[in-house]
Amino acid sequence: MTTPITKRGLMLVLSSPSGAGKTSICKKLLQQDTDLVLSVSATTRKRRPGEVEGKDYQFLSIQEFESRINKSQFLEYAKVFGNYYGTPAQLVEGTLKSGVDVLFDIDWQGTQQLKARARQDLVSVFILPPSIKELEKRLFKRAQDTSEVVANRMSKSASEMSHYPEYDYVIINHDLDKSVQQVQSILCAERTRRERQIGLVEFVKYLRAQL
Ligand code: 5GP
């Protein structure tokens with residue numbers, strides 16, 4: 001019995017109000033953890049400078065996005081800030097089956113849809129900013145959106161933040177490295193959950209048979 005324990009991958013969801021630092025946490029996490037794959041979302045929003053097609057998002061026209069909705073090609077989708085965002089279903093199921101975990105940077109609407117579809121596979125983390133001043137600073141520092149877009153995002157923050165009780169874990173992002181460490185600890189514990197380790201019954205039987 002060489003590799004008795006296999007596992008099904010889990011879905012790690014990170015959500016936050018815009019500007020709380022979630023994207024930076026995701027990037028660092030992916031650099032440090034090779035057993036984690038990012039679910040690249042599709043969106044109808046305009047590409048920001050520096051964003052790469054297929055890496056940051058699949059940038060689609062509204063017609064193309066709606067056609068994919070009609071063909072049930074999204075695991076979840078939602079309208080956020082007036083644009084469509086959605087998770088292409090194709091990659092996710094195969095990745096989970098192969099035992100690799102999938103990271104989602106999606107909002108609370110998408111998280112609710114994933115929860116309804118596959119609660120047992122879902123681990124959800126909500127990221128809060130340390131203060132509103134910091135949230136605004138980060139949004140402006142990004143400097144890729146117009147001040148109108150930033151103001152719109154700030155005004156939506158309160159309602160987005162109200163969804164934190166729907167999440168399994170909450171992290172206040174005072175410090176990027178510390179927050180990444182906290183997410184890694186969550187991942188480590190969730191990967192060790194008994195229900196996620198397939199083949200435990202056989203393995204323990206095998207151990208006991210030798211006594
Ligand atoms: P941004 O435009 O700043 O990249 O993203 C805006 C918001 O949309 C963020 O809160 C982000 O998490 C969310 N988002 C990105 N991709 C998806 C997705 O596939 N589904 C859902 N529901 N939300 C998404």
Side-chain angles (χ1 to χ4, degrees), residues 11-30 37-62 64-66 68-69 71-93 95-96 102-118 121-129 135-164 166-167 169-171 173 179 183:
M11 304 197 292
L12 177 67
V13 168
L14 297 193
S15 298
S16 73
S18 213
K22 172 189 48 177
T23 306
S24 307
I25 294 175
C26 283
K27 280 193 178 144
K28 276 223 156 180
L29 208 56
L30 288 162
V37 165
L38 178 70
S39 162
V40 178
S41 296
T43 184
T44 58
R45 97 147 149 69
K46 280 210 185 97
R47 185 143 57 104
R48 292 191 188 121
E51 283 185 330
V52 178
E53 162 68 35
K55 188 167 168 271
D56 295 293
Y57 281 107
Q58 276 180 54
F59 294 95
L60 304 179
S61 66
I62 295 175
E64 177 57 22
F65 200 103
E66 287 179 343
R68 293 192 192 185
I69 294 174
K71 290 185 206 148
S72 304
Q73 290 181 353
F74 293 115
L75 211 53
E76 61 74 32
Y77 71 91
K79 260 202 173 158
V80 187
F81 308 118
N83 295 304
Y84 279 123
Y85 292 82
T87 301
Q90 214 180 13
L91 166 120
V92 177
E93 191 46 37
T95 308
L96 294 179
V102 183
L103 176 65
F104 299 80
D105 171 344
I106 62 174
D107 82 329
W108 61 271
Q109 303 173 82
T111 308
Q112 281 188 353
Q113 293 172 48
L114 291 187
K115 206 179 200 176
R117 281 181 88 120
D121 289 337
L122 189 75
V123 177
S124 60
V125 182
F126 199 87
I127 313 287
L128 285 171
L135 187 77
E136 194 172 19
K137 211 169 95 190
R138 287 180 193 167
L139 277 176
F140 271 111
K141 205 168 135 199
R142 191 154 75 187
Q144 289 166 340
D145 292 322
T146 62
S147 38
E148 193 188 323
V149 170
V150 170
N152 182 24
R153 290 188 169 214
M154 283 295 291
S155 75
K156 300 258 167 63
S157 289
S159 72
E160 282 180 70
M161 255 186 260
S162 71
H163 289 277
Y164 82 88
E166 296 156 23
Y167 286 71
Y169 299 92
V170 177
I171 292 175
N173 187 19
S179 299
V183 180

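Please read these numbers as outputs of a predicted model, since none were measured by experiment. As the structure lists them, so they are numbered: ligands from 1, and atoms in each ligand from 1.
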Note, E160 side chain near R153 side chain (heavy atom, < 4.5 Å): no
Residues in side-chain contact (heavy atoms from CB on, under 4.5 Å) contact with V170, at least two apart in sequence or another chain: F126, L128, Y164
Heavy-atom proximity to atom 16 (N) of ligand 1, best of S18, S41, G110: S41
Donor-acceptor contact present, side-chain Q113 to main-chain Y77, <3.5 Å: yes
Residue pairs involving residues 103-118 (criterion salt bridge (Lys or Arg N to Asp or Glu O under 4.0 Å); sequence neighbours excluded): K22-D105
R45 neighbourhood, listing ligand 1 atoms whose heavy-atom distance to it stays under 4.0 Å: 1 (P), 2 (O), 4 (O)
Heteroatom distance test (R48, ligand 1): nitrogen or oxygen, under 3.5 angstrom: yes
Which of the ligand 1 atoms, numbered from 1, are nearer than 4.0 Å to a heavy atom of D105: 11 (C), 12 (O), 14 (N), 15 (C), 16 (N), 17 (C), 24 (C)
Non-hydrogen side-chain atoms of F74 and I69 separated by less than 4.5 Å: yes
Close-contact set for ligand 1 against Y57 heavy atoms, below 4.0 Å: 1 (P), 4 (O), 5 (O), 15 (C), 16 (N)
E51, any N or O under 3.5 Å of ligand 1 N or O: no
SB check R45 E51 (cutoff 4.0 Å): yes
Main-chain N/O of Y84 paired to T44 side chain as donor or acceptor, under 3.5 Å: yes
Whether over 12 other heavy atoms sit under 6.0 Å from Q90 CD: no
Part of T87 with heavy atoms under 4.0 Å of ligand 1, whether side chain, backbone, both or neither: both
Sub-4.0 Å atoms of ligand 1 with respect to non-hydrogen atoms of E76: 18 (C), 19 (O), 20 (N), 21 (C), 22 (N)
Best match, R153, K22, Q109: closest heavy atom to atom 3 (O) of ligand 1: R153
Heteroatom distance test (A42, ligand 1): nitrogen or oxygen, under 3.5 angstrom: no
Distance filter under 4.0 Å to A78 heavy atoms, resulting ligand 1 atoms: 22 (N)
